[in-house]
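Below, chains carry the letters A, B, ... as their sequence lines are ordered, and counting in each starts from 1.
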Protein chains: 2
Amino acid sequence: MRPTSEELAVWRLLHRAQVQIAGRLEDDLMKAHDLPLASYEVLLRLSEAPGLRLRMNDLAHRVLLSRSGLTRLVDRLQREGLVSREACESDARGLYAVLTAQGKARVEEATPVYLRGIRRHFLDLLDPDDVGRCREMLAKLGVV
Amino acid sequence: MRPTSEELAVWRLLHRAQVQIAGRLEDDLMKAHDLPLASYEVLLRLSEAPGLRLRMNDLAHRVLLSRSGLTRLVDRLQREGLVSREACESDARGLYAVLTAQGKARVEEATPVYLRGIRRHFLDLLDPDDVGRCREMLAKLGVV
DNA sequence: CCGCAGTAGATGCACACGCAACGTTCTAAG
DNA sequence: CTTAGAACGTTGCGTGTGCATCTACTGCGG
């Protein structure tokens with residue numbers, strides 16, 4: 001069945017909302033810490049990972065980048081000293097991206113801005129129940 | 001107040017869902033009609049507009065592109081004969097992007113694929129009430 | 001009528017990203 | 001053990017996009 005124009009509009013608004021929120025988060029991070037959102041997300045994922053390290057492939061999927069895209073991004077972060085690459089003993093094909101001390105400091109610096117942004121540009125705009133509803137809907141969408 | 005990790009996850013999933021759905025729509029359109037999603041969206045907006053025309057600036061905002069980005073995209077579409085540019089009499093600075101007959105045919109061809117994609121990759125995955133809820137939440141997010 | 005800030009669209013430039021291809025390494029089937 | 005196929009990360013290449021800037025035009029205030 002063809003989507004109604006309202007259903008269509010919902011998809012458009014979803015796209016718009018995502019772009020709008022991401023844009024504001026990026027603006028905040030850039031102004032406050034000169035850190036692009038994509039870079040921050042890589043650092044954040046690493047900071048959450050055991051051993052502050054993640055395989056390149058795994059990391060790429062988590063931050064929604066292609067493997068080649070992540071290669072270049074990690075190149076940049078490595079040049080800034082925020083991340084290093086380490087071999088993986090269990091698989092000689094593999095590499096770990098590892099958060100350096102400097103990278104850890106940087107991500108801890110930036111995190112309050114990021115969290116405040118999510119609060120202000122997203123969560124605060126919704127009613128309390130909405131977050132749970134939203135989570136359920138997203139689960140239905142099969143997004144892991 | 002700091003977002004909880006669940007609240008954080010909701011933002012991540014939202015991002016992921018948007019990227020996933022847009023990716024599938026683009027795949028569908030590319031396979032079936034060799035038409036990138038961004039191009040389709042420009043054509044669709046024009047096909048919805050009175051006189052099949054929209055000012056460049058206006059169109060740029062609607063499809064979430066910068067003015068320069070839209071300039072290039074319309075260049076491409078014009079080269080393919082899907083869109084033409086026409087002067088605006090009321091404002092000599094302005095240009096209309098106008099859907100050509102060929103562009104109209106193309107968008108009508110591709111629309112079933114697009115609509116089916118939104119149905120299958122998005123709406124079908126939700127329960128009936130969710131769409132309305134979703135629309136309300138998006139309205140709260142201040143997205144026009 | 002003039003001047004000046006603001007807006008529309010185009011362009012030079014830089015850059016981030018994806019795809020295809022490549023070398024290396026792992027894994028499974030024989 | 002050998003070999004075919006897949007997986008990992010990187011690289012060359014093409015391309016789509018944004019920012020800053022430019023020109024042309026508008027419209028407001030003096």
For atom CG of A:Leu73 and atom P of C:dC15, their distance in whole Å: 15 Å

Check ion pair A:Lys140-A:Glu136 (N to O, under 4.0 angstrom): no

Distance, rounded to the nearest Å, where A:Leu95 contributes CG and D:dT11 contributes P: 11 Å

Interatomic distance, A:Asp75 CG vs D:dG9 C1' [rounded to whole Å]: 11 Å

salt_bridge(A:Arg76, A:Glu80) N-O dist < 4.0 Å: no

Exercise: do A:Ser84 and A:Tyr96 side chains pair donor with acceptor under 3.5 Å: no

Protein-nucleotide distance (B:Asp58, atom CG; C:dT7, atom P), rounded to Å: 16 Å

Between the protein and nucleotides 1-3 of chain C, list every N/O to N/O distance that falls short of 3.5 Å.
none

Whole-Å gap separating P (C:dA16) and CG (A:Leu77): 11 Å

Whole-Å gap separating P (C:dA16) and CG (A:Leu64): 18 Å

Donor-acceptor contact present, side-chain B:Ser47 to main-chain B:Lys104, <3.5 Å: no

Mind listing the N/O atom pairs, protein and nucleotides 20-28 of chain C, below 3.5 Å?
{"unit_1": "C:dC26", "atom_1": "OP1", "unit_2": "A:Ala92", "atom_2": "N", "d": "2.9"}

Enclosure of B:His61 NE2 (heavy-atom neighbours >12, cutoff 6.0 Å): no

Salt bridge flag under 4.0 Å for residues A:Asp27 and A:Lys31: no

A:Asn57 CG - D:dA6 P separation (whole Å): 16 Å

Test item: side-chain donor near acceptor, B:His121 and B:Asp28, under 3.5 Å: yes

Basic-acidic side-chain contact under 4.0 Å: A:Glu7, A:Arg2: no

Pair A:Glu41 + B:Arg16, salt bridge at N-O below 4.0 Å: no

Length of the line joining B:Arg76:CZ and D:dG14:P, which is rounded to integer Å: 17 Å

Nearest-nucleotide comparison on DNA chain D, the residue closer to the 5′ end among A:Arg72 and A:Arg55: A:Arg55

